[in-house]
Amino acid sequence: MRRIIISALKGGTGKTTTTVNLGKALHRAGHKVGLLDVDATAPTLYKALGLAEAPQWDLDSVAANLLPFKIDGLYALTLASHYGESPAVLWDEPTLIRAMRELIHDVQWPELDYLILDSPPSSSGFMQALYDAVAGDVYGVVLVFQPTDIAVADLVRTLDFIKIKRVPVLGLIANMAYCIAPSGKQFWPFISPKAELGEVCEENGIPLLGEIPLTSAQNMIDAGFDRIASFMDDIKPLILKDSMLTKLYKAIAKRAVKTAIRRL
Ligand SMILES: Nc1ncnc2c1ncn2[C@@H]1O[C@H](COP(=O)(O)OP(=O)(O)O)[C@@H](O)[C@H]1O
Ligand SMILES: [Mg+2]
């Protein structure tokens, strides 16, 4: 079972949408796919799957265990099945991390080719624990970002986080990369100027997996994800080297050396 984490330090980039649509595309390509919602405080995977409510867990029954539900040929599991849909989640971080570890380690999935994890947007202790929980058994991280100027800073930080955590990365999806008007004309839909995510990918040596348009037409999205799914089996996951932090330490060390030399 290949575990893929869908990740971005920025909210609203399309992680949940990607989790579901990449899952569906891999399923269309003949794979057995599970989706795990590890966005512990804002679990919306069930919504992106088209459900009004998450199937409820009955943890009071003796036989209760965390069973994935099946929808459109996909298996899925979410903490929304436990919380319900409306309450704010006020668990402290250690409790959230314990629940996340149970989801990662204790769920009996049917035989799967891919398990796609929908993650929350941060480099919090929770996210660090999530990356640590899957370390050693993860196919790779798929990053999802809009190609806007405002998103690039968060993309750079996300790449640095991945370098520090030393998890393999599969590549980046540019989501909402362009918009098509009803006339068929392409246009840029954001206030923030367009950024070249391809250049950021090149600088960091990671592949741009594909561009997905901002659209309400599901078939436009499907086509993009089908293309990505068609080469998912053959991607060589990369461990990125040299985090900003490492460079920063090197710079500090250099400065410390210079200061020491000047004192001599
Ligand atoms: N390519 C797209 N075209 C149109 N709407 C999109 C696209 N990708 C995401 N969205 C919408 O943008 C919003 C945020 O997406 P979501 O997947 O929930 O982001 P995240 O999980 O990163 O917070 C949702 O309303 C979703 O339906
Ligand atoms: Mg989400």
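Since the model is a prediction, treat every value here as computed from it, not as a measurement. Hydrogens, waters and symmetry mates are skipped; everything else that's a heavy atom, side chains included, is used. As the structure lists them, so they are numbered: ligands from 1, and atoms in each ligand from 1.
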A.B. asks: What is the closest protein heavy atom to atom 20 (P) of ligand 1, and at what distance does it sit?
C.D. replies: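 Answer for atom 20 (P) of ligand 1: Lys15 N, 3.5 Å.
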A.B. asks: Quick one: are Leu115 and Trp109 in side-chain contact, heavy atoms under 4.5 Å?
C.D. replies: yes
A.B. asks: I need the nearest protein heavy-atom contact for atom 19 (O) of ligand 1: residue, atom name and distance, please.
C.D. replies: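 Atom 19 (O) of ligand 1 sits closest to the protein heavy atom Gly14 N, 3.1 Å.
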A.B. asks: Let me see the working for Asp39 and Lys15 under salt bridge (charged side-chain N to carboxylate O under 4.0 Å, His left out), right down to the final yes or no.
C.D. replies: CA-CA 10 Å; Asp39 192 337; Lys15 292 176 288 302; over 6 Å; no
A.B. asks: Test ring pair (Phe, Tyr, Trp, His ring centres under 6.0 Å) on Tyr46 and Phe69; report intermediate values, then the result.
C.D. replies: CA-CA 10 Å; Tyr46 70 96; Phe69 59 91; 8.8 Å; no
A.B. asks: Checking side-chain contact (heavy atoms from CB on, under 4.5 Å) against Thr19, which of Val142, Ile116, Ile4, Val144 comes through?
C.D. replies: Ile116
A.B. asks: Checking a contact table here: which protein heavy atom is nearest atom 18 (O) of ligand 1, and how many Å away?
C.D. replies: Thr16 CB, 4.1 Å
A.B. asks: I'd like to know whether the aromatic ring centres of Phe126 and Trp91 sit less than 6.0 Å apart in this structure.
C.D. replies: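 Ring-ring flag for Phe126/Trp91: false, centres at least 6.0 Å apart.
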A.B. asks: Do protein heavy atoms approach atom 25 (O) of ligand 1 to less than 4.0 Å?
C.D. replies: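 Neighbour list for atom 25 (O) of ligand 1 is empty of protein heavy atoms (cut-off 4.0 Å).
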A.B. asks: Between Ile221 and ligand 1, which part of the residue brings a heavy atom under 4.0 Å of the ligand: side chain, backbone, both or neither?
C.D. replies: side chain
A.B. asks: Tell me which protein heavy atom sits closest to atom 7 (C) of ligand 1, plus the residue, atom name and distance to 0.1 Å.
C.D. replies: Asn175 ND2, 3.8 Å
A.B. asks: How far does CG of Leu155 sit from CG of Asn204, to the nearest 0.5 angstrom?
C.D. replies: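 Result: 7.5 Å between the selected atoms.
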A.B. asks: Which of the numbered atoms in ligand 1 are below 4.0 angstrom from a heavy atom of Pro213?
C.D. replies: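 Selected atoms, number and element: 1 (N), 2 (C), 3 (N).
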A.B. asks: Protein heavy-atom contact under 4.0 Å for atom 13 (C) of ligand 1?
C.D. replies: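 No; the ligand atom in question lacks any protein heavy-atom contact below 4.0 Å.
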A.B. asks: So is Ile212 in contact with ligand 1, going by heavy-atom distances below 4.0 Å?
C.D. replies: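 Within the 4.0 Å threshold, so yes.
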A.B. asks: Do any of the N/O/S atoms of Thr16, backbone or side chain, fall under 2.8 Å from the Mg ion (ligand 2)?
C.D. replies: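 Here the distance criterion (N, O or S atom, under 2.8 Å) is met by Thr16, so yes.
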A.B. asks: Starting from atom 4 (C) of ligand 1, which protein heavy atom do you reach first, and at what distance in Å?
C.D. replies: Thr215 O, 3.0 Å
A.B. asks: How long is the span from the CG atom in Asp160 to the CD1 atom in Ile164, to the nearest 0.5 Å?
C.D. replies: 4.5 Å
A.B. asks: Is Arg157 atom CZ crowded by more than 12 heavy atoms from other residues, nucleotides or ligands, each under 6.0 Å away?
C.D. replies: no
A.B. asks: N/O to N/O below 3.5 Å, does that happen between Thr17 and ligand 1?
C.D. replies: yes
A.B. asks: Could you identify the single nearest non-hydrogen protein atom to atom 6 (C) of ligand 1 and state the distance to 0.1 Å?
C.D. replies: Met176 CE, 4.1 Å
A.B. asks: Could you tell me if Tyr131 and Ser7 have a donor-acceptor pair between their side chains, going purely by distance under 3.5 Å?
C.D. replies: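 Yes, because at least one side-chain N or O of Ser7 sits under 3.5 Å from a partner of the opposite role on Tyr131.
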A.B. asks: What distance do Leu103 atom CG and Leu36 atom CG have between them, rounded to the nearest 0.5 Å?
C.D. replies: 5.5 Å
A.B. asks: Would you check the N or O atoms of Thr13, main chain and side chain alike, for any that come under 3.5 Å of an N or O of ligand 1?
C.D. replies: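 Yes; the residue has a nitrogen or oxygen that sits under 3.5 Å from a nitrogen or oxygen of the ligand.
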A.B. asks: Measure the distance from atom 5 (N) of ligand 1 to every protein heavy atom, then report the residue, atom name and distance (to 0.1 Å) of the closest one.
C.D. replies: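 Answer for atom 5 (N) of ligand 1: Leu214 CD1, 4.0 Å.
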A.B. asks: For atom 23 (O) of ligand 1, what is the closest protein heavy atom, and at what distance to 0.1 Å?
C.D. replies: Gly12 N, 2.9 Å
